[in-house]
Chemist: 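The structure follows.
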Amino acid sequence: MNRMYGSGAPLSIWHDFMVNALASTPRTGFSNPGVAVPPEPEIKQDDKDKDKRQG
């Protein structure tokens, strides 16, 4: 664990725990519980913003 930073250490511990906890659970496909994911917003640039980036 000498080279783990931030959430890397807890994440690897949680991963190992869950792999062992679910080892005898049969795999099933994921079914969406009805949550709709909105589309990504369209990003528009104004002409006045172009002047700020050029300088």
Chemist: Looking only at heavy atoms, what is the nearest atom pair of N32 and V35, with distance?
Modeler: OD1-N, 2.9 Å
Chemist: Give a yes or no on whether I13 and M18 share a hydrophobic cluster (residues Ile, Leu, Val, Met, Phe, Trp, Tyr; joining criterion: side-chain heavy atoms under 4.5 Å apart).
Modeler: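 As far as the 4.5 Å side-chain criterion goes, M18 and I13 are not connected within one cluster.
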Chemist: Using the rule that Ile, Leu, Val, Met, Phe, Trp and Tyr join whenever any side-chain heavy atoms are under 4.5 Å apart, tell me whether V19 and L11 fall into a single cluster.
Modeler: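 No: no chain of side-chain contacts under 4.5 Å links V19 to L11.
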Chemist: Tell me whether N20 contacts the main-chain N or O of A23 through its side chain, where contact means a donor paired with an acceptor under 3.5 Å.
Modeler: no
